[in-house]
Amino acid sequence: MPELPEVETVRLSLVEKLTGRKITAVTVHYPRMVELHSVEEFKRSVTGKTIQRLERRGKYLLLRLSEDLVLALHLRMTGQLTVQPMKQPVADATYFILRLDNDTELRFRDQRKFGKVFTFSANTLPTALAKMGPEPLADEFTLDMLRKRFTGRKLAVKKALLNQEIIAGIGNIYADEALFVAGIHPVRLVDSLTEPELEQLHQAIRQVLQEGIANRGTTKRDYLDGEGNPGTYQNMLRVYGRKGLPCPQCGAPVAKMNFGGRGTHFCPLCQK
DNA sequence: AGTCGCCTGGTA
DNA sequence: TACCAGGCGACT
């Protein structure tokens, strides 16, 4: 799914179309995607509210509605969010629709049905958001903070990067890319990283996420932005999805291993 | 800390 | 036919 750069790209591509719009109707075609409240309660609380701001936290897109209500959407693996004119035919696998007051609709399409939507009150965050780690692109995400969040943990660095409570928004693609850029092997334990390695990793995390946003995200298969366009960062990936192809740095074949249940790509020569 | 379940579709 | 996939929470 969409990781931080993809969700941010969706946010940027939807902000003009959604800000200030009133939600006039809610349709749910797959009830299990609604969390925390019953579908009926969810529809009742959202209908009639105005979308005041679009925000992102980690991989969540947050619609701040009137009356301090927040509507959270998580695209998981295959979610797509687009705003379309109501008259346009609804694509298959569209499970969630917000009808807006200008004859458009926010449509949530999701082939694998893993996506989630829920509401909460702005002053009482649900646990997933309350426990979430820092935003890696915010100024507050300093080298010092990364060091503090790693020290004392017996945990492989790749698992740490994927843990949303340690750092928000990184998924499998950007974890592999950041570790390559930092020259760090994915199975290294976080408390074995030297100070220069921590510095390189801190820098690499921010670099690959910024590159991802600048390239409007990575489209391996399903990802599309809010206007239905694919990203271009897949053409610039250094190791992810490049098993057997030459490492951009040394030319050795990129390796792929299964680690922690996730495909993990790395250069066995450049990453120590 | 590791595995399973949630789902569907594409590819080997 | 089996395996794999941008995620994550609930289980042992």
Interatomic distance where [atom1] belongs to [X] and [atom2] belongs to [N] [whole Å]:
{"X": "A:Met33", "N": "C:dG9", "atom1": "CE", "atom2": "P", "answer": "16 Å"}
{"X": "A:Glu35", "N": "C:dG9", "atom1": "CD", "atom2": "P", "answer": "8 Å"}
{"X": "A:Lys243", "N": "B:dT11", "atom1": "NZ", "atom2": "P", "answer": "17 Å"}

Over 60° means perpendicular and under 30° means parallel, so classify the ring planes of A:His265 and A:Tyr240, tilted if in between.
tilted
Please give the distance between the P atoms of B:dC7 and C:dC11 as a whole number of Å.
15 Å
Atom C1', compared across C:dA5 and B:dA1: separation rounded to whole Å
23 Å
Closest nucleotide of DNA chain C for A:Arg112 versus for A:Leu162: which of these residues is on the 5' side?
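Nearer the 5' end of the strand: A:Arg112.
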Taking only residues two or more places apart in sequence or in another chain, which ones pass ring-ring contact (aromatic ring centres under 6.0 Å, His included) with A:Phe108?
none
Looking only at side-chain N and O atoms, does A:Tyr95 come under 4.0 Å of OP1 or OP2 in B:dC7?
no
State whether A:Lys256 places a side-chain N or O below 4.0 Å from either non-bridging phosphate oxygen (OP1 or OP2) of C:dA5.
yes
Consider the side chain of A:Lys159, meaning its heavy atoms from C-beta on, and name the nucleotide among C:dG9, C:dA5, B:dG2 that approaches it most closely.
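The nucleotide sitting nearest to the side chain is B:dG2.
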Ranges pairing with ranges for DNA chain C, where each run has three or more Watson-Crick or G-U pairs under 3.5 Å
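Stems found: B:1-6 with C:7-12, B:8-12 with C:1-5.
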Pair A:Phe42, A:His37 - check ring pair (Phe, Tyr, Trp, His ring centres under 6.0 Å), show working.
CA-CA 6 Å; A:Phe42 175 90; A:His37 299 283; 8.1 Å; no
